[in-house]
Amino acid sequence: MATDDIVIDATEDEAALDAEVQEFLHKTVLFRGPDPEIMRDHKPAPRSPLEEAAMAADVDDLTKTIIRNRLQTSANEAKDMLMHIASAPSAKWGDLIAGIFTARGDLAVASSSGVLIFSVLAGPPIKYILKHWQDEETVGVRDGDVFMHNDARFGNVHNTDQSCLMPVFHEGELIAWVGTIIHEGENGSTEPGGMPSAAESPYDEGLKISPVKIGEGFKLREDLVTYFQNSVRDPKLQLEDMRSRLAGTMRLRTRLLEAVEEYGRDAVVAVVRGTLEYTGTEVRRRLAALPDGKRRVVRFCDNTLREPILLKIDCTVEVKGDELIIDLRGSGPELMNRAINTVLASLKGMIAQVFLTFIWPDLPRNQAAFEPVTVLTDQGSAFDCSAEVPNAVSMMTFFPSFSAVEHCLQKFLFNDKHAGGEAKATEVHASWWPMINGFLFGGYTQHGYFVGNVMTDINGMGGGARSDRDGEHALAPIFCSMSDLGENEMVEDELPVLCLSNRRIMRDNQGFGRFRGGHGHQQVMTYKDSPLWGWMTIAIGSKFPLALGLFGGYGSPCQPLMKVKGVNALAAMAADGSLRVDDPVALMNERPFEGAEYSTAHTGMQFEIAAEGELYAMSQGGGGGYGDVLERDPAAVVTDLRRDLISAWTARHVYHVAVDPETGTHDAAETERLRAAEREARLARAVPFDEFEASWTTDLPPEGLPFYGSWGDRRTIHAGGRDITMPADALMPVMMV
């Protein structure tokens with residue numbers, strides 16, 4: 001009924017009239033944006049009547065175990081299938097997930113590897129579909145429908161991640177959802193590769209797909225596939241992976257219905273719901289085993305990918321009974337025209353990864369792992385940004401937030417270990433390197449295709465030192481523990497790039513300590529045989545250490561982006577076989593290419609057209625160290641020196657270990673003297689804490705420092721300097737100029 005037809009009648013039922021008005025308002029919505037009610041709530045929905053009935057059904061524990069393992073295997077099968085058939089480079093190395101959701105959209109069973117950030121993020125798009133499209137006459141939700149989504153403001157991490165979601169019906173009743181998500185890379189943004197550091201608004205970030213139906217009858221709509229292909233720079237990739245995601249999703253649907261056929265609907269629904277509830281209960285039990293208390297740490301993002309700043313992460317983690325409270329209030333404000341802002345749900349997803357990979361990796365991979373956690377933020381901060389600021393490179397803010405929470409939890413776990421280890425956690429360790437130092441690319445391949453995406457080199461992060469041994473080198477990234485670095489030969493076969501130094505460890509790139517952090521690996525890249533090629537980088541941590549040391553261990557060293565321009569190094573090396581580029585530090589210090597331009601900068605670089613043979617180099621960072629450097633076994637220092645992991649300077653001046661430069665043998669007597677002298681020097685430098693605090697603390701940030709965040713009082717936020725402030729409960733976006 002239209003509004004003009006409504007006649008107010010005293011005898012008309014008021015409730016019916018109100019319903020008509022509400023229906024009118026619902027149908028005349030001008031614009032449906034992100035739904036805050038869905039996006040701010042990470043708790044699983046209450047049991048549905050279907051789930052209540054299923055949970056009450058008499059299904060024995062053995063059958064439930066068999067079904068649970070079968071569903072888990074199905075999720076893993078779909079993930080493995082995608083790794084083999086999808087085209088995106090990220091799919092090949094495991095940047096994806098496959099999972100089974102409840103009928104109300106909570107992720108209950110996810111593939112055991114892949115990007116576990118999605119465990120908390122994958123559900124909101126389904127909840128949006130159910131809330132807004134299920135009863136919408138032009139959309140609806142029916143058997144065989146296929147939905148797609150990529151906009152982080154509606155769920156997931158960033159808009160390089162494209163999903164395929166499908167409802168599962170049994171005898172006409174919606175019993176579950178299944179879905180797959182792949183980091184596709186290219187999405188038509190203002191820069192190739194899908195993660196545009198040059199974006200100054202959400203509308204520079206390429207495809208922004210709110211949850212939308214893209215297929216019916218288990219088939220994709222060709223008109224929509226064509227639309228998406230014409231919206232990106234790599235239409236072949238778009239087509240291939242829309243089909244791949246659908247194939248993986250349909251495989252999951254098939255396996256789920258096979259389980260229903262064999263064990264019955266109630267048994268499968270009970271297992272899906274029961275897995276969620278078990279996980280939440282188990283996390284609460286483990287939290288309750290930790291000592292109550294608070295741990296606090298302050299971290300900084302040191303650039304916007306465009307300019308150096310200090311954007312504060314003010315993190316307090318509190319264990320309170322069986323709950324965990326993560327308080328990030330007082331952190332830096334959102335930046336109106338920089339793409340490093342984080343949607344709150346993305347932040348939660350990354351922090352959930354702390355639990356699923358670095359604290360309790362034995363937990364089932366599902367949404368309830370984060371159920372007992374409360375996250376407090378200032379709305380309008382860079383960690384809880386609004387819908388009108390760009391967020392394509394949100395990793396710059398949520399990765400260091402991950403480290404902040406990881407660091408605080410390690411201190412809780414240390415107490416737990418000494419109290420008997422009832423929390424069943426992994427080993428206590430210093431921070432992993434939490435940043436994706438690596439290259440994105442865009443341009444024509446040697447085969448004539450235009451492409452844009454990310455290199456796999458981002459997967460070599462240095463591991464943090466453990467309480468009883470050194471960290472490992474160039475491990476998988478913090479967001480995808482089972483990922484692959486890929487093969488150089490395959491990369492060079494598909495792309496015109498040459499990896500002149502790759503998978504090599506950079507000297508002194510470790511967090512020093514009694515046990516040292518693992519090293520990241522260095523990369524020296526160039527290209528040939530392409531008429532147009534360019535590079536881009538998205539990373540922070542070249543000015544301020546990102547990985548924290550623990551209990552006296554040092555944080556990770558910083559390292560810059562290095563460039564050698566104005567030379568074709570390939571031609572020069574062909575003419576002079578003595579020229580080498582496999583050591584970036586030597587390359588920059590010794591400058592072997594005559595007439596070339598050598599430069600260093602922070603590790604954020606917008607898309608830059610390169611000339612053939614020009615060199616771009618950087619390294620993944622190292623993990624944090626654990627314990628005092630003076631307690632490191634001198635024999636371990638000598639071994640690191642022999643393996644070229646550290647320099648002679650570091651051995652003597654950081655570890656205070658004497659090594660004969662001629663023989664490489666350890667001088668025990670001199671080491672004892674050096675370490676005794678350093679202990680005396682420490683005592684000489686020491687001051688009482690109150691005295692140190694009084695001399696160190698200031699009322700305002702230093703003048704001229706581009707500082708963003710609270711300084712002392714968490715209720716007052718500095719927006720770029722000491723004299724520019726705003727209240728934390730009324731933040732305004734900051735325009736960078």
(message) Phe358: which residues meet the ring pair (Phe, Tyr, Trp, His ring centres under 6.0 Å) condition with it, sequence neighbours left out?
(response) Phe402, His429, Trp432
(message) With no hydrogens and no angle check, just 3.5 Å: does a side-chain donor-acceptor pair link Ser346 and Ser394?
(response) no
(message) Counting C-beta onward and ignoring hydrogens, is there a side-chain heavy-atom pair between Thr316 and Arg714 closer than 4.5 Å?
(response) yes
(message) Using a strict threshold of under 4.0 Å (side-chain N to carboxylate O), is an ion pair present between Asp41 and Lys127?
(response) no
(request) Just do the side-chain contact (heavy atoms from CB on, under 4.5 Å) check on Gln353 and Ile478 with the steps written out, would you? (result) CA-CA 8 Å; Gln353 182 100 6; Ile478 55 172; 5.8 Å; no
(request) Evaluate whether atom CD of Glu258 has more than 12 neighbouring non-hydrogen atoms of other residues, nucleotides or ligands under 6.0 angstrom away. (result) yes
(message) Is it the case that the side chains of Ser386 and Glu334 hold a donor-acceptor pair, with the cut-off being a distance below 3.5 Å and no angle test?
(response) yes
(request) For Arg299 and Leu546, work out which heavy atoms get closest and say how close. (result) NH2-O, 2.6 Å
(message) On a heavy-atom basis, which atom in Ile540 and which in Met396 lie closest, and how many Å separate them?
(response) CD1-O, 3.3 Å
(request) Check the pair Arg273 / Glu52 against salt bridge (Lys or Arg N to Asp or Glu O under 4.0 Å), numbers first and verdict last. (result) CA-CA 9 Å; Arg273 180 71 202 187; Glu52 285 285 6; over 6 Å; no
(message) With heavy-atom distances below 4.5 Å as the criterion, would you say the side chains of Asp314 and Val298 are in contact?
(response) yes
(message) Please check: side-chain N/O of Arg251 versus main-chain N/O of Ala78, any donor-acceptor pairing under 3.5 Å?
(response) no
(request) Verify whether one side chain among Thr456 and Asn459 offers a donor that lies under 3.5 Å from an acceptor in the other. (result) no
(request) Go through the steps to decide whether Thr397 and Thr342 satisfy the test side-chain hydrogen bond (donor to acceptor under 3.5 Å, both in side chains), and finish with yes or no. (result) CA-CA 6 Å; Thr397 41; Thr342 290; 2.5 Å; yes
(message) What I want to check is whether the side chains of Gln367 and Asp106 have a donor and an acceptor closer together than 3.5 Å.
(response) yes
(request) Grab the two heavy atoms, one from Leu174 and one from Leu130, that are nearest each other, plus how far apart they are. (result) CD2-CD2, 4.0 Å
(message) Quick check: closest heavy atoms across Asp241 and Ala88, and the distance to 0.1 Å?
(response) OD2-N, 3.0 Å
(request) Heavy atoms only: give me the nearest Val146-Met166 pair and the separation to one decimal. (result) CG2-CE, 3.8 Å
(message) Check this for me: Asp58, atom CG, are more than 12 non-hydrogen atoms of other residues, nucleotides or ligands nearer than 6.0 Å?
(response) no
(message) Going by side chain to side chain contact (heavy atoms under 4.5 Å, CB included), Ile181 matches just one of Leu96, Val157, Asn156. Which one?
(response) Asn156
(request) Quick one: do Met395 and Phe479 satisfy side-chain contact (heavy atoms from CB on, under 4.5 Å)? Show the steps, please. (result) CA-CA 10 Å; Met395 302 83 73; Phe479 57 88; over 6 Å; no
(message) Are Val454 and Ser90 packed together at the side-chain level, in the sense that at least one heavy-atom pair is separated by less than 4.5 angstrom?
(response) yes
(request) Measure the shortest side-chain to side-chain distance between Phe147 and Tyr128 over non-hydrogen atoms and say whether it is less than 4.5 angstrom. (result) no
(request) Output the distance between atom CZ (Arg253) and atom CZ (Phe218), rounded to the nearest 0.5 Å. (result) 3.5 Å
(message) On a heavy-atom basis, which atom in Phe169 and which in Val141 lie closest, and how many Å separate them?
(response) CZ-O, 3.6 Å
(request) Step by step, work out the side-chain contact (heavy atoms from CB on, under 4.5 Å) result for Arg47 and Glu277. (result) CA-CA 10 Å; Arg47 287 184 186 178; Glu277 296 185 1; 2.8 Å; yes
(message) Can you tell me which residue among Ile436, Asn437, Ile538 is in a side chain to side chain contact (heavy atoms under 4.5 Å, CB included) with Ile458?
(response) Ile436
(message) Assess the residue pair Lys131 and Glu37 against the criterion (salt bridge (Lys or Arg N to Asp or Glu O under 4.0 Å)); give the C-alpha distance rounded to whole Å, side-chain angles, the decisive distance to 0.1 Å, and a yes or no.
(response) CA-CA 11 Å; Lys131 181 175 179 179; Glu37 184 181 35; 2.5 Å; yes
(request) For the pair Glu136 and Lys213, find out whether any cationic side-chain nitrogen is under 4.0 Å from an anionic carboxylate oxygen. (result) no
(request) Can you measure from CD (Glu51) to CG (Asp266) and round to the nearest 0.5 angstrom? (result) 11.5 Å
(message) Counting the benzene-type ring for Trp, do Tyr626 and Phe551 have ring centres under 6.0 Å apart?
(response) yes
(request) Any chance you could lay out the side-chain contact (heavy atoms from CB on, under 4.5 Å) test for Asn150 and Asp161, step after step, and finish with the verdict? (result) CA-CA 6 Å; Asn150 85 328; Asp161 299 318; 5.9 Å; no
(request) Would you check if Ile351 and Phe370 make a side-chain contact, meaning some heavy-atom pair closer than 4.5 Å? (result) yes
(message) So Arg40 and Thr377, do their side chains get closer than 4.5 Å, heavy atoms only?
(response) yes
(message) Using side-chain heavy atoms (C-beta onward) and a distance below 4.5 Å, is Ile359 in contact with Arg286?
(response) no
